[in-house]
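The next block holds one structure in the form of structure tokens; read it before the comments.
In what follows, chains are A, B, ... by sequence order, proteins preceding strands, each numbered from 1.
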Number of protein chains: 2
Amino acid sequence: MDVVELSAVRRIVPELVETLQTRVQILHRIRLMQPVGRRALAAAMGITERVLRAEVEFLRRQGLLVFHPAGMSLSEPGYALLDQLEDVLAAVEGRSELAQRLSRVLRIPRVTVVQGDSDQESWVKDTLGLQAALLLREALTDGDVLAVTGGTTMSAVAEMMPSKGPWIAVKVVPARGGLGENVDIQSNTIAARLAKRLGGTSIMLHVPDQMSPETLEHLSSEPLVQERLQEVREATVIVHGIGDALTMARRRQLSREEQAVLRERGAVAEAFGYFFNEEGTPVHAMTTVGLRLEDLGQLRLVMAVAGGGSKARAIAAAAKGYRVDVLVTDEGAARGVLGMAREMDEEGS
Amino acid sequence: MDVVELSAVRRIVPELVETLQTRVQILHRIRLMQPVGRRALAAAMGITERVLRAEVEFLRRQGLLVFHPAGMSLSEPGYALLDQLEDVLAAVEGRSELAQRLSRVLRIPRVTVVQGDSDQESWVKDTLGLQAALLLREALTDGDVLAVTGGTTMSAVAEMMPSKGPWIAVKVVPARGGLGENVDIQSNTIAARLAKRLGGTSIMLHVPDQMSPETLEHLSSEPLVQERLQEVREATVIVHGIGDALTMARRRQLSREEQAVLRERGAVAEAFGYFFNEEGTPVHAMTTVGLRLEDLGQLRLVMAVAGGGSKARAIAAAAKGYRVDVLVTDEGAARGVLGMAREMDEEGS
DNA sequence: CCCTCCGGGACGTTTTTTGTCCCTGCGGCC
DNA sequence: GGCCGCAGGGACAAAAAACGTCCCGGAGGG
């Protein structure tokens, strides 16, 4: 495999780097939106139809795209090439380096940074989900038990999981019981969708929202629930989102009093029902059943997926709170985290 | 140092890989011809003045060129960048791989292949010389004794040796005595020129062409000659050209009888006064004094410089005949040698 | 069955690229 | 020291490429 030093090339053909970026971007967006038409795609990318047309015609001549009456899609070689080019682009845009720094700062072995900021461009969350889905698919093997959480990000992961490819005999389980989310982004729903696309099975864990601790205790002793819980605790891999504490508190419809408590205890992050403060200490837990914080140590792989500048604090806190093996995030969050780390360095020195 | 996988890039931005080539080519030619004007350069490269002008204006804006009333030259950063880009271009054009294969086939540890064919474009020989000169300059250290041969290729090496840079205290000696060449390309002349550019000293070894063996013997026993020979045999590094046997025989004005003998014995290569057959066996030696074939083993570094498709056979033969540590050649010769090797493989199989 | 959005074709306009001059002036050769 | 040649820079019309914009027949989905 021939490799080429980058900065010198950039110096002598800067336009190469730029067209490379736009073309890869186009392939990428097509992958997300396919099948998609010229006009829709041009509008989504903020370029005019004509120039996009020139590019896609080129890409088709290269055999990377196929044109249907329903829209454009990636061809098989298109998928393959895009996979390689994503890495190239990550290097070109400096996201590789970003990931490396993040890895060191957060002490997470493997970090992937996708382009953009989920807060600002909606498609970035899809990219995030796609990237996580691809990494996940690689990591899973037959017999794995995959625990998943809810949230919009995890929903994107399920949505973007390619259903082609060999089926994997996994059991997908919700990491925790009902957490008061919209049904589309509940862990139960997501587990089901993921299982379908992976070719495995899923189970559900239905418990009502907002129970009293006593009810919870009764419920937990139910044989059926016990059985389900047993299955959940056998998880070998978990994929989960990370949220901003207060945002999640509101979405989960916590009472004003509880929200006040969270604020008072300095909660900044939420993940699978636990709230963490800036130091990563758990300061509160939702009253529900499922995978517990102390179970994480048993897992083979803990993957976190979260992006957007607004989640930077939460990601940093969560990374301190428990073990994360793989983090998939975006530029917005990555720069946010590194910015925070830099500030703290400056204070410290 | 960020590196980037090449073939994928080539697939998605082929035009820009081409402009990369032309721009590097331009820098390269300017380095060879500087100071040079637009028109002369455009004519030499076979492109129109206007398009060359666009390119050099770009390169100047990038700070890689400086414009004088006398013509264009490389700036300091221009030199530095070109050095990096030569490697990039070698990879892009597949010359890296060519060199690697050549290295394996000829059993020469280090091989460099420059672009073009010396037989077809005259400037390629300059490139060859430049490349060899640069490698040589790197390899030499104070106190080295450098032996050189004659020939047009070696003349190019001397001509292209940069005279800037730190001076090196080397002694440059002709590898062998007079070999009946034109004075410009005699080893004595070349030794003197190289010494001047490197900042060292040189000695001459003047013996008449075409002596009888008896005269040679007498001459060799002369104290002054003895002394010089002593100095030559103390050489630590040798740089030499390789020639086609019959061409060299004619140029050295060997008699018809001698030429017939060479032909009969299947001589295909000539190097520092020795003729070799296809298997690399020396079949004849010029009657002169200096470094002998058996002295090569003592040297720290044996560098060969030869290019052009017509020299492929000679290079292959020479590589079998004696030890070569570094070979600098061109595409024409490289493809020729590999073509021969392939044929032999097919016969053998 | 209809309606929307698809790819492909077309075309005038704008922008960029290209070929071809000329001019002034420095530098090297005589 | 003077002269000649080639240097870079400026200019400009012609050619080519890129671009914005619209239209059309048709396939797919509701």
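- Going from atom CZ of B/F58 over to atom CD1 of B/I26 covers 10.5 Å, rounded to the nearest 0.5 Å.
- Near DNA chain C, meaning a heavy atom under 4.0 Å from it, residues 19-46 of chain A has A/V36, A/G37, A/R38, A/R39, A/A40 in order of number.
- Between A/E76 and A/K164 there is a salt bridge, since a side-chain N of the basic residue sits under 4.0 Å from a carboxylate O of the acidic one.
- In this structure, A/E15 does not pair ionically with A/R10, as no charged nitrogen and carboxylate oxygen lie closer than 4.0 Å.
- One distance of note links CG of B/L41 with CD1 of B/I30; it measures 5.5 Å at 0.5 Å rounding.
- Taking atom CE of residue B/M72 and atom P of nucleotide D/dC6, one finds them 15 Å apart after rounding to whole Å.
- As rounded to whole Å, 16 Å separates atom P of D/dG8 from atom CD of B/E55.
- The line from NZ of A/K125 to OG1 of A/T153 is 4.0 Å long, rounded to the nearest 0.5 Å.
- Using a 4.0 Å cut-off between a side-chain N of Lys or Arg and a carboxylate O of Asp or Glu, A/R193 and A/E159 qualify as a salt bridge.
- Look at B/R31 and B/D83 and you find a salt bridge, because one of the NZ, NE, NH1 or NH2 atoms lies within 4.0 Å of a carboxylate O, short of that distance.
- Protein chain B contacts DNA chain C from C/dT18 to C/dC26, reading 5' to 3' and using non-hydrogen atoms of the protein with a distance under 4.0 Å.
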List every contact pair, protein side and nucleotides 18-21 of chain D side both N or O, where the distance is under 3.5 Å.
from, atom 1, to, atom 2, distance (Å)
D/dG20, OP2, A/T48, OG1, 2.3
D/dG20, O6, A/R50, NE, 3.2

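- Between the CG atom of B/L52 and the P atom of D/dG9 there is a distance of 13 Å, given to the nearest Å.
- In summary, A/R61 and A/E57 do not engage in a salt bridge, as defined by a charged side-chain N under 4.0 Å from a carboxylate O.
- Geometrically, A/R60 engages A/F67 in a cation-pi contact, judged by NZ or CZ lying under 6.0 Å from the ring centre and within 45° of the ring axis.
- Summarising the geometry, atom OG belonging to B/S118 is positioned 10.5 Å from atom CD belonging to B/E331; distances are rounded to the nearest 0.5 Å.
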